[in-house]
**Student:** 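One structure follows; several queries about it will come next.
Given the structure is predicted, the values throughout are model-derived calculations rather than measurements. What's counted below: heavy atoms across the whole structure, side chains too, no hydrogens, waters or symmetry copies.
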Amino acid sequence: MQEIVKNFALVHIDLPGQEEGAAIYPAGYQYPSMDTISEMIPSVLESFKFRSVIGVGVGAGSNILSKFALAHPDSVEGLVLINMDPNARGWMEWAAHKLVSVASSVTEQILSHLFSQEELVANTELLQAQRERISKAAHLSNVELLWKSYNSRRDITIDRSCAFKCPVMLVVGDQAPYEDAAVECNSKLDPTTTSFLKMADAGGLPQLTQPAKLTEAFKYFIQGMGYMASSCMTRLSRSRTTSLSSSFSMDGSRSRSRTLSQGSQGGQGGQGGQGGPVPPSPPQTMEVSC
C-alpha cells in the first residue's frame with residue numbers, strides 16, 4: 001500500500017469503545033446502533049476539515065460507511081466495501097444466533113462471522129491469532145456490545161433507483177460467510193458504477209489473506225476515479241481477470257474521472273484543490289475514536 005499511502009491522508013476510525021486502552025462500559029450500557037455510529041462520522045470529517053473521503057470498510061465498517069454515504073453523498077467520493085451485508089438478520093438467522101450464543105463464547109461467535117467454514121475446520125494460523133487477540137482483549141465486554149449492536153442492524157434500503165452516488169467496489173472472499181449477501185448487494189447496485197471482486201483463496205478476511213491482490217484492485221479502483229493517473233497499471237488490471245466485473249475500461253478511466261488538479265481537499269493528502277495543481281503534501285496517518 002505504500003505507493004497509495006503516500007498520496008493520501010489516512011484516517012482510521014475506531015468504533016466506540018474499541019480503541020486500544022478503551023475504558024470498559026458499565027453494565028447496562030446502551031451501545032449505539034449502526035445508524036447512530038454512521039452519524040458520528042461527519043464530526044470527524046469536520047474536525048480535520050475534510051471535504052470528502054474515499055471510504056474503506058470491513059463488515060460492520062462497511063455497513064456504517066454505506067449508511068453514511070447514503071445520508072451524505074457529497075462527502076463520499078468512493079466506497080470500498082469488504083464483506084458487505086445490507087440486510088438485517090431474518091427470524092431464522094436470529095433464532096439460530098440465539099442457539100449458538102448459548103453454546104458458544106462471544107469469541108467463537110465472532111470467529112464464525114469472520115472466517116469461512118473451511119478456515120474454521122483447518123484452524124489456520126490466522127484464525128488462531130485472531131482467536132487469541134479477541135479472547136485476550138482487555139475490552140472484550142465492549143467488543144461484545146458492538147457484536148450485539150451489529151446483529152441488531154436494520155436493512156439498508158438500496159436499489160438501482162436509490163443507491164450510492166459514488167463509485168463502489170464490493171469485495172468478498174470466495175466461500176466467505178457473507179458471499180451470498182455480497183452477491184445480492186451487487187445485484188441491487190448500478191452496474192455502471194459498481195465493481196464486484198470475488199477473490200479466490202481469500203477466505204473470510206481477504207484484506208489479510210490476499211493483501212497484495214486486494215491492494216492492486218484498490219489501486220485500479222482509485223485510478224478509475226482519476227487519482228494516481230501517472231502510476232503504472234498493476235498486474236491485476238493488465239490480466240483482464242474475470243473476477244473483477246465493473247464498468248471500468250481496462251485501458252482507460254471512467255467518464256466520471258477527475259484530474260489530479262481537480263481532486264478533493266478533504267481526506268486525500270497530496271491532491272489539488274480548486275485552484276489547479278498543488279505540490280504533494282506529506283502523507284498523514286491518524287487514528288480517531290468516535
**Student:** So do I222 and I4 actually touch side chain to side chain, heavy atoms under 4.5 Å?
**Tutor:**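 When only atoms from C-beta onward are counted, I222 and I4 do touch, with a gap below 4.5 Å.
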
**Student:** Answer whether the closest heavy-atom distance between the side chains of R51 and L45 falls below 4.5 Å.
**Tutor:** no

**Student:** Within this structure, what is the CD-OG distance for the pair E144 and S149, rounded to the nearest 0.5 Å?
**Tutor:**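 Between atom CD of E144 and atom OG of S149 there are 12.5 Å.
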
**Student:** Could you measure the distance from the NZ atom of K67 to the CD1 atom of I41? Nearest 0.5 Å is fine.
**Tutor:**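 Atom-to-atom, K67:NZ and I41:CD1 are 11.5 Å apart.
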
**Student:** Does any non-hydrogen side-chain atom of Q109 lie less than 4.5 Å from one of S112?
**Tutor:** no

**Student:** Go through E179 and N83 one step at a time and tell me if the side chain to side chain donor-acceptor pair (under 3.5 Å) criterion holds.
**Tutor:** CA-CA 7 Å; E179 178 186 359; N83 294 341; over 6 Å; no

**Student:** Assess whether a salt bridge exists between D85 and R153, defined as any Lys/Arg side-chain N lying under 4.0 Å from an Asp/Glu carboxylate O.
**Tutor:**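 R153 and D85: salt-bridged.
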
**Student:** Test your reading of the model: is there a side-chain donor-acceptor pair from Q175 to the backbone of E118, 3.5 Å cut-off?
**Tutor:** no

**Student:** Indicate yes or no: at least one non-hydrogen side-chain atom of M225 is less than 4.5 angstrom from one of I54.
**Tutor:**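 A side-chain contact exists here, since the closest heavy-atom pair is under 4.5 Å.
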
**Student:** Can you tell me how far OG of S187 sits from CZ of F196, rounded to the nearest 0.5 angstrom?
**Tutor:** 9.5 Å

**Student:** Compare all side-chain heavy atoms of M1 with those of K219 and state whether any distance is below 4.5 angstrom.
**Tutor:**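 A side-chain contact is absent here, since even the closest heavy-atom pair is not under 4.5 Å.
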
**Student:** If I take atom OG1 from residue T107 and atom CH2 from residue W147, how far apart are they, to the nearest 0.5 angstrom?
**Tutor:**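 Separation between the atoms: 11.0 Å.
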
**Student:** Give a yes or no answer on whether the side chain of T194 reaches the backbone of P191 with a donor-acceptor pair at less than 3.5 Å.
**Tutor:** no

**Student:** Would you say that H72 contacts D74 through its side chain, given a criterion of any heavy-atom pair below 4.5 Å between the two side chains?
**Tutor:**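 H72 does not reach D74 side chain to side chain.
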
**Student:** Take atom CD of E132 as the centre, draw a 6.0 Å sphere, and report whether it contains more than 12 heavy atoms from other residues, nucleotides or ligands.
**Tutor:** no

**Student:** The test is side chain to side chain donor-acceptor pair (under 3.5 Å); show your working for E119 and S116 and say whether it passes.
**Tutor:** CA-CA 5 Å; E119 289 172 300; S116 67; 3.0 Å; yes

**Student:** Looking at every non-hydrogen atom in both residues, tell me the closest pair between S75 and F68 and how far apart they are.
**Tutor:**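 Heavy atoms only, the tightest pair is CB-CZ, 3.8 Å.
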
**Student:** Could you grab the distance from atom CD of E39 to atom CD1 of I64, nearest 0.5 Å is fine?
**Tutor:**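 These two atoms lie 11.5 Å from each other.
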
**Student:** Tell me if a side-chain donor or acceptor on T36 pairs with a main-chain N or O of P32 at a distance below 3.5 Å.
**Tutor:** no

**Student:** If you draw a 6.0 Å radius around CD in E46, do more than 12 non-hydrogen atoms from other residues or ligands fall strictly inside?
**Tutor:** no

**Student:** Quick one, Y178 with H113, criterion side chain to side chain donor-acceptor pair (under 3.5 Å). Give me CA distance, side-chain angles, the key distance, then yes/no.
**Tutor:** CA-CA 8 Å; Y178 285 88; H113 164 74; 3.2 Å; yes

**Student:** Would you be so kind as to tabulate the donor-acceptor pairs closer than 3.5 Å made by side chains of residues 201-210, with sequence neighbours excluded?
**Tutor:**
| from | atom 1 | to | atom 2 | distance (Å) |
| --- | --- | --- | --- | --- |
| T209 | OG1 | A202 | O | 2.4 |
| T209 | OG1 | L205 | O | 3.1 |
| Q210 | NE2 | D201 | O | 3.0 |

**Student:** Just verifying a value: how many Å separate L126 CG and R131 CZ, rounded to the nearest 0.5 Å?
**Tutor:** 11.0 Å

**Student:** In sequence, state the C-alpha distance, the side-chain angles, and the governing distance for D14 and H12, and then conclude on side chain to side chain donor-acceptor pair (under 3.5 Å).
**Tutor:** CA-CA 6 Å; D14 288 312; H12 176 81; 3.2 Å; yes

**Student:** Which is it for F164 and S66 under the side-chain contact (heavy atoms from CB on, under 4.5 Å) test, yes or no, and what are the steps along the way?
**Tutor:** CA-CA 8 Å; F164 303 111; S66 295; 3.7 Å; yes

**Student:** Can a donor-acceptor pair be found, under 3.5 Å and without considering hydrogens, that links the side chain of D190 to the backbone of T192?
**Tutor:**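 Side chain of D190 to backbone of T192: a pair is present.
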
**Student:** State which residues pass side chain to side chain contact (heavy atoms under 4.5 Å, CB included) with Q18; sequence neighbours excluded, sorted by chain then number.
**Tutor:**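 By the side chain to side chain contact (heavy atoms under 4.5 Å, CB included) rule, Q18 matches L15, Y31, H139, N142, V143, L146.
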
**Student:** Can you find a heavy atom in the side chain of P16 that is under 4.5 Å from one in the side chain of Y25?
**Tutor:** yes

**Student:** State, with a plain yes or no, whether a side-chain heavy atom of L170 is found less than 4.5 Å away from one of C185.
**Tutor:**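 Yes, side chains in contact.
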
**Student:** Given L140, which of I134, I24, L145 fulfils the side-chain contact (heavy atoms from CB on, under 4.5 Å) condition?
**Tutor:** I134

